[in-house]
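No hydrogens, no waters, no symmetry mates; every other heavy atom, side chains included, goes into these values. Below, chains carry the letters A, B, ... as their sequence lines are ordered, and counting in each starts from 1.
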Amino acid sequence: MSFLRGGSTPGGGVNHERMEMAINEIEMITDVFNRIVGSCHSKCISTRYAEGDLNKGESVCIDRCVAKFFEVNKKVGEKMQNAGANASPATGASSFSL
Amino acid sequence: MDFSQFNSAEQAHMTKVIEKKQMQDFLRMYSNLVERCFNSCCNDFTSKALSSKEEQCVMNCADKFLKHSERVGQRFAELNAESMGPAKP
């Protein structure tokens with residue numbers, strides 16, 4: 001059973017560690033999505049609410065807003081990874097070790 | 001999020017967890033939307049009842065937000081698939 005790497009559960013059992021990781025991933029993605037909805041709404045949609053449909057300008061703004069958010073997400077992720085990699089040899093202790 | 005590695009017991013559990021999260025998310029979005037539309041549209045408290053202007057504003061607000069959320073969802077799914085796709089062998 002090569003797919004049950006982390007746990008020692010038998011074939012119909014439940015591997016809690018991997019499920020925890022999957023659940024964490026889902027939570028993270030949901031959080032990012034909710035933030036994008038909130039941010040792009042504040043930036044792109046005027047609060048006059050003259051009509052119930054998105055006009056062309058708002059639609060284009062939303063597309064660009066989501067794309068930019070992903071870019072920023074990626075760049076910040078890279079920066080944090082570099083910062084983590086640089087910090088550990090320098091200080092000898094990372095923030096995750098207890 | 002690759003579910004092909006989970007066996008059926010795990011998949012059943014994951015499905016339940018995801019359903020619960022979706023319900024919680026929906027309720028959160030609902031109260032967030034109510035607050036948002038109230039804050040934007042209802043600023044005149046000379047009367048207890050909603051004026052027709054305020055009511056129309058709230059309708060438009062809710063409509064717009066839902067369409068906005070849908071569009072963000074579409075773009076999000078596209079970009080997410082794109083950023084995860086090339087990484088897989």
Side-chain angles (χ1 to χ4, degrees), chain A residues 1-7 9-16 18-55 58-71 73-74 77, chain B residues 1-22 24-26 28-29 32-33 35-43 53-84:
Chain A
M1 306 263 186
S2 58
F3 59 88
L4 288 175
R5 276 171 291 138
T9 53
V14 174
N15 183 342
H16 289 283
R18 284 213 347 269
M19 290 188 49
E20 282 291 316
M21 276 176 47
I23 290 175
N24 279 340
E25 191 180 344
I26 289 175
E27 280 179 355
M28 192 197 79
I29 291 180
T30 309
D31 182 52
V32 170
F33 177 78
N34 287 333
R35 283 172 202 260
I36 293 179
V37 169
S39 295
C40 291
H41 190 274
S42 312
K43 288 182 188 292
C44 289
I45 296 182
S46 84
T47 53
R48 269 188 58 231
Y49 298 118
E51 47 160 20
D53 283 315
L54 297 170
N55 65 41
E58 288 170 345
S59 304
V60 170
C61 179
I62 291 170
D63 294 345
R64 292 172 182 167
C65 177
V66 178
K68 277 202 168 168
F69 198 103
F70 266 77
E71 278 292 313
N73 196 21
K74 203 170 80 168
Chain B
M1 263 193 306
D2 177 18
F3 288 120
S4 60
Q5 293 178 15
F6 290 135
N7 64 31
S8 57
E10 292 174 335
Q11 274 190 3
H13 187 253
M14 287 303 291
T15 307
K16 273 209 312 250
V17 165
I18 288 175
E19 259 174 35
K20 184 176 158 196
K21 283 197 185 301
Q22 279 179 336
Q24 284 175 335
D25 210 41
F26 175 77
R28 203 170 294 139
M29 186 195 80
N32 179 28
L33 179 58
E35 190 182 2
R36 191 186 282 274
C37 293
F38 177 80
N39 287 342
S40 316
C41 292
C42 301
N43 296 313
K53 202 169 74 161
E54 288 174 337
E55 191 175 330
Q56 190 57 40
C57 177
V58 166
M59 293 293 122
N60 290 344
C61 168
D63 255 339
K64 218 166 219 195
F65 185 87
L66 292 171
K67 292 193 166 114
H68 160 76
S69 191
E70 192 186 314
R71 195 177 180 102
V72 169
Q74 287 168 347
R75 294 293 157 272
F76 185 86
E78 286 166 14
L79 288 170
N80 215 14
E82 215 179 281
S83 63
M84 303 223 284

Residue pair A:Ile62 / A:Cys44: nearest heavy atoms and the distance that separates them: N-SG, 3.8 Å

Aromatic plane relationship, B:Phe65 with A:His41 - under 30° parallel, 30 to 60° tilted, over 60° perpendicular: tilted

Chain B interface, residue from A:Thr30, A:Val32, A:Asn34 that has the most non-hydrogen pairs under 4.5 Å: A:Asn34

Part of A:Ala50 lying under 4.5 Å from any heavy atom of chain B: backbone

Straight-line distance of B:Met29 CE to B:Gln22 CD, nearest 0.5 Å: 12.0 Å

Nearest heavy atoms of A:Tyr49 and B:Cys61, plus distance in Å: CD2-CA, 3.5 Å

Exercise: identify the closest heavy-atom pair between A:Val66 and B:Arg75: CG1-CB, 3.9 Å

Option that, when pairs with chain B are counted at under 4.5 Å, heavy atom only, ranks first among A:Lys74, A:Glu27, A:Arg48: A:Glu27

Atom of B:Met14, atom of A:Ala22 and distance for their closest heavy-atom approach: CE-CB, 3.7 Å

Per-residue contact mode, B:Lys67 against chain A (heavy atom under 4.5 angstrom): both

Largest heavy-atom contact set with chain B, pairs under 4.5 Å, which of A:Cys65, A:Ala67, A:Ser59, A:Gly38: A:Ser59

Shortest non-hydrogen contact from B:Lys64 toward A:Ile45: CD-CG2, 3.8 Å

Per-residue contact mode, B:Cys37 against chain A (heavy atom under 4.5 angstrom): neither

Engaged part of B:Asn32 at the chain A interface, taking heavy atoms whose separation is under 4.5 Å: neither

Top contributor to chain A interface from B:Arg28, B:Gln74, B:Met59, B:Arg36 [non-hydrogen pairs under 4.5 Å]: B:Arg36

Atom group of A:Phe70 that falls short of 4.5 Å from chain B, counting heavy atoms: side chain

Pick from B:Leu79, B:Asp63, B:Asn80 with the largest number of heavy-atom pairs that fall under 4.5 Å of chain A: B:Leu79

